[in-house]
Number of protein chains: 2
Amino acid sequence: MIAPLLSRAERVREQVLDATVALVAEVGVERTSIDEVASRSGVAKSTIYRHFPSKQVLVIEAVHTCMSIPTVTDSGSLRDDLISCFSGMTRATYEGKLGSMQLSLMDAAQRDPELGRLLRAQTDQKRRFATAVLERAVAAGDLPADVDIELLVTLLSGPLVYTKLVRLQPVTNELIVAVVDTVLAGIGVRQSVD
Amino acid sequence: MIAPLLSRAERVREQVLDATVALVAEVGVERTSIDEVASRSGVAKSTIYRHFPSKQVLVIEAVHTCMSIPTVTDSGSLRDDLISCFSGMTRATYEGKLGSMQLSLMDAAQRDPELGRLLRAQTDQKRRFATAVLERAVAAGDLPADVDIELLVTLLSGPLVYTKLVRLQPVTNELIVAVVDTVLAGIGVRQSVD
DNA sequence: AACAATCGCTACGGTACCGTCTCGATTTGA
DNA sequence: TCAAATCGAGACGGTACCGTAGCGATTGTT
């Protein structure tokens, strides 16, 4: 064999983590078993335990591999930046496997402090992205200085989370636009009408 | 013994359901076991199975006992009615044991169609309450006839759900007021300013 | 007081899972 | 090429859970 792109150890790790992600997305954290991960990944259970000390750690590392960092745009238009911001965060959070894992992770996080910290960090980071966009608008004079940014982020994020997790419906771009426009109008931001 | 308010069978049922609710609220649906329910309720496991055919049914009936129906006020003020409506629904949904069960139930509902139907009915009912308030406002001319009521309900419910389930923070009355006021302002409803 | 229904207690078979271990086979790197 | 590291396969003890069954004790009814 010549020049493998990944060492065997790396290949094994990846296979195990992939299978774990798929399984958690399918049956949730609680019903995910190491035996099933072994069976699906084609990696022996003993080998899994050579790479990960416990199921808890395995799940957390698997979740880690799904998390991506959205980018923040600066178009000069608050409306466009907010739409872009929440569109990106929705894709990163609620599409793909991570989206299917979300509810189970949130539930498990109630009883697993480590997982709780991970999700809280995820949430806080997303809020910081939106906060940054809004603070930039305040600095630019597009928003009044006394606006409650914390509240604004909740007003913008909430309807999207609710649509995905409670109503189990897709978060469309139309919804994001409607939410952004209504909330901006609610705090008195004049908008260019087509 | 004289004139028991409840027959023994009713007393047993109640004890079992109460213990189930408490246990689900503490450890979630998945980790709730019949043995533990028996131990906590003081009812023998065999007796539990005489009343409920399976754990799934027991959990669903236990959840049922927690669900209360909020009332709808008609004060003539759209703002006040919305605040009252969402305040009541928040109390009914996110306070007490049902609040602690919520995330675990939502997760379990992904893989238990029966539980899924129950939660969906719960969600739909709450949306209908808010929809009724909004439709009344349209009829009274307080809202434009072409307003998207579905979207409005999502805009109002979302931030509250998000605050409770994602941020794990209490849904205060101040938050509800701020959400209602901002959303109403967003669709161009003039408000009396104090 | 007597009888039927219901209960508590306990044990059971069956299953599933965790995390460990052994051992023979395979791979890697020097 | 050859030794060391890593792997797959599978068995293991231990635990927890489900749902059932047997049986003596309690209850409520008549």
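Side chains included, hydrogens not; waters and symmetry mates left out as well; all remaining heavy atoms used. Residue numbers start from 1 in every chain, and the chains themselves are labelled A, B, ... in the order their sequence lines are given, proteins ahead of strands.
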A:R31 or B:R50, whichever maps to the more 5' nucleotide of DNA chain C
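Taking each residue's closest nucleotide, the earlier one in sequence belongs to B:R50.
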Is it true that B:K55 and B:T32 share a donor-acceptor pair across their side chains at a distance under 3.5 Å?
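Per modelled atom types, B:T32 and B:K55 side chains form no pair under 3.5 Å.
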Checking side-chain polar atoms at under 3.5 Å, does A:R91 have a donor or acceptor matched by the opposite partner on A:S87?
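Yes, A:S87 and A:R91 have a side-chain donor paired with an acceptor closer than 3.5 Å.
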What residue among A:K164, A:K126, A:Q102 forms side-chain hydrogen bond (donor to acceptor under 3.5 Å, both in side chains) with A:T93?
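Of the listed residues A:K164, A:K126, A:Q102, the side-chain hydrogen bond (donor to acceptor under 3.5 Å, both in side chains) partner of A:T93 is A:K126.
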Starting from [atom2] on [N], measure out to [atom1] on [X] and report it in whole angstrom.
| X | N | atom1 | atom2 | result |
| --- | --- | --- | --- | --- |
| B:I34 | C:dG14 | CD1 | P | 21 Å |
| B:E10 | D:dT27 | CD | P | 17 Å |
| A:R13 | D:dT6 | CZ | P | 14 Å |
| B:Q56 | D:dC17 | CD | C1' | 16 Å |
| B:D35 | D:dG19 | CG | P | 11 Å |
| A:K45 | D:dG10 | NZ | P | 13 Å |
| A:Y49 | D:dC7 | OH | P | 16 Å |
| B:I48 | D:dT20 | CD1 | P | 13 Å |

Would you classify B:T32 as touching base, sugar-phosphate or nothing, given that sugar-phosphate means primed atoms plus P, OP1 and OP2, and contacts are heavy atoms under 4.0 Å?
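Sugar-phosphate contact only.
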May I ask you to evaluate whether [X] reaches the phosphate of [N], defined as a side-chain N or O under 4.0 Å from OP1 or OP2?
| X | N | value |
| --- | --- | --- |
| A:H51 | D:dC7 | yes |
| B:S46 | C:dG8 | no |
| A:T47 | D:dG8 | yes |

Could you give the distance from CE (A:M106) to CE (A:M101), rounded to the nearest 0.5 Å?
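Answer for the CE-CE pair, A:M106 versus A:M101, is 13.5 Å.
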Side-chain (B:T20) to main-chain (B:V59) donor-acceptor, under 3.5 angstrom:
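Not confirmed, B:T20 side chain does not pair with B:V59 backbone.
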State whether the distance check finds a donor on one side and an acceptor on the other, under 3.5 Å, for side chain B:S54 versus base D:dC18.
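There is none.
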Donor/acceptor link under 3.5 angstrom from A:K55 side chain onto base of C:dG19:
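Under the 3.5 Å cut-off, the side chain and the base do not form any donor-acceptor pair.
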With respect to the side chain of A:A44, which nucleotide from C:dC18, C:dC7, D:dA9 is positioned closest?
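Nearest to the side-chain atoms of A:A44, counting from C-beta on, is D:dA9.
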